[in-house]
Amino acid sequence: MADICREAESATNYRLTFQALKENVSGKISVSEAIASSAVKASFDLQAALVIVLTESGFTARLVSKYRPNAHILTITSSEQSARQCLVSRGLFPLLVSSMSGTASLIRRAIVAAEKLRMCKMGDLVIITSGQKEGVSGNTNDLKIVQVQF
């Protein structure tokens, strides 16, 4: 069964899937969804290896997953419940942290963890979504692109 799933995943054209999903979204979307879809678009355009989502509730991570990036999605959260919920969404890999304070520190630690998990390597581009109000759910409004370097 696992081989069948891997084969099906490798045969899927995620760029076309992304475009079809974008075309079928009607009406006004939330800021979180705009950031999520922009992160996925950037991951395709830049061939990024990883999307890191800093999230309290897991909502933004699920939105990123909705748009089906080729890149790995590393979800950073301090909520055990959110981490468990992320496990049921396609492509989300939750990483539980003790606190969501210190965005820069969280990003560095996430990249180190991703490198250990072979999700990215030196020189790869990484897309990061977060909120400027640390520790407050529902405020995703920041998109960053960084290159892995140590």
Side-chain angles (χ1 to χ4, degrees), residues 9 12-150:
E9 286 287 322
T12 303
N13 185 334
Y14 288 107
R15 186 179 286 271
L16 287 177
T17 303
F18 170 75
Q19 290 170 347
L21 284 167
K22 284 292 290 177
E23 289 170 6
N24 289 315
V25 173
S26 60
K28 185 178 176 183
I29 61 173
S30 67
V31 172
S32 294
E33 185 155 2
I35 294 289
S37 68
S38 296
V40 174
K41 172 109 172 56
S43 77
F44 282 122
D45 292 346
L46 301 172
Q47 297 177 348
L50 178 65
V51 177
I52 296 175
V53 182
L54 277 58
T55 181
E56 285 286 339
S57 66
F59 180 68
T60 303
R62 288 189 293 276
L63 287 173
V64 170
S65 174
K66 167 186 171 179
Y67 287 105
R68 303 285 195 256
N70 266 344
H72 297 286
I73 308 167
L74 183 60
T75 304
I76 310 301
T77 185
S78 60
S79 165
E80 285 185 45
Q81 180 180 356
S82 295
R84 283 193 306 270
Q85 289 173 345
C86 285
L87 289 171
V88 299
S89 294
R90 181 220 164 261
L92 297 183
F93 186 90
L95 183 64
L96 195 60
V97 296
S98 58
S99 169
M100 294 298 285
S101 299
T103 302
S105 171
L106 278 173
I107 291 169
R108 278 193 303 278
R109 290 187 299 165
I111 290 173
V112 168
E115 195 173 40
K116 286 180 184 175
L117 294 167
R118 296 186 178 163
M119 293 178 157
C120 65
K121 62 185 184 312
M122 185 83 72
D124 283 346
L125 291 173
V126 176
I127 313 296
I128 302 158
T129 70
S130 63
Q132 290 184 340
K133 291 183 181 178
E134 293 179 359
V136 179
S137 184
N139 284 301
T140 299
N141 61 358
D142 197 16
L143 177 68
K144 295 178 188 174
I145 302 169
V146 299
Q147 188 169 27
V148 177
Q149 47 187 293
F150 291 93

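Start at 1 with the first residue, then count along the sequence. When reading the values below, keep in mind they use all heavy atoms of this one structure, side chains included, and skip hydrogens, waters and symmetry mates.
Taking the side chain as every heavy atom from C-beta outward, Asn70 and Ser43 never approach each other to under 4.5 Å. Arg68 has its side chain out of reach of Phe44: every pair of non-hydrogen atoms, C-beta onward, lies at least 4.5 Å apart. With a 4.5 Å cut-off on side-chain heavy atoms, Val146 and Ile111 count as touching. Looking only at side-chain heavy atoms (C-beta outward), Ile127 and Leu46 come within less than 4.5 Å of each other. Looking only at side-chain heavy atoms (C-beta outward), Val53 and Ile73 come within less than 4.5 Å of each other. Between Leu106 and Met100, the closest side-chain pair of non-hydrogen atoms falls below 4.5 Å. No side-chain heavy atom of Val40 sits less than 4.5 Å from a side-chain heavy atom of Val51. The shortest side-chain heavy-atom distance between Thr103 and Lys144 falls under the 4.5 Å cut-off.
The closest donor-acceptor contact from the side chain of Thr77 to the backbone of Thr55 lies under 3.5 Å. Ser82 contributes a side-chain N or O that, together with a main-chain N or O of Glu56, makes up a donor-acceptor pair within less than 3.5 Å. Checking side-chain atoms of Ser37 against main-chain N and O of Glu33 turns up a donor-acceptor pair under 3.5 Å.
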- Task: Give the intermediate values and the outcome of side chain to side chain contact (heavy atoms under 4.5 Å, CB included) for residues Leu96 and Glu80.
- Result: CA-CA 7 Å; Leu96 195 60; Glu80 285 185 45; 3.5 Å; yes
- Query: Leu125 and Gln47: side chain to side chain contact (heavy atoms under 4.5 Å, CB included), yes or no, with the steps?
  - Reply: CA-CA 8 Å; Leu125 291 173; Gln47 297 177 348; over 6 Å; no
- Should Leu63 and Thr140 be marked as a side chain to side chain contact (heavy atoms under 4.5 Å, CB included) after you check the CA-CA gap, both sets of side-chain angles, and the distance that decides it? CA-CA 11 Å; Leu63 287 173; Thr140 299; over 6 Å; no
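A pairwise comparison of heavy atoms in Cys86 and Leu92 identifies O-CB, 3.4 Å as the closest pair. Considering every non-hydrogen atom in both Leu143 and Ser38, the closest pair reads CD2-CB, 4.0 Å. Closest non-hydrogen pair, Ala48 versus Ala71, comes out as O-CB, 3.4 Å.
Around the CZ atom of Arg90, the shell of radius 6.0 Å holds more than 12 heavy atoms that belong to other residues, nucleotides or ligands.
To the nearest 0.5 Å, the span separating OG on Ser79 from CZ on Arg84 amounts to 7.5 Å. Note that CG of Asn141 and OG of Ser32 are 8.0 Å apart. Values are rounded to the nearest 0.5 Å. Distance CD1/Ile35 to CD1/Ile29: 9.5 Å, rounded to 0.5 Å.
Put simply, the residue from Leu117, Leu74, Ile52, Thr75 that forms a side chain to side chain contact (heavy atoms under 4.5 Å, CB included) with Leu95 is Leu74.
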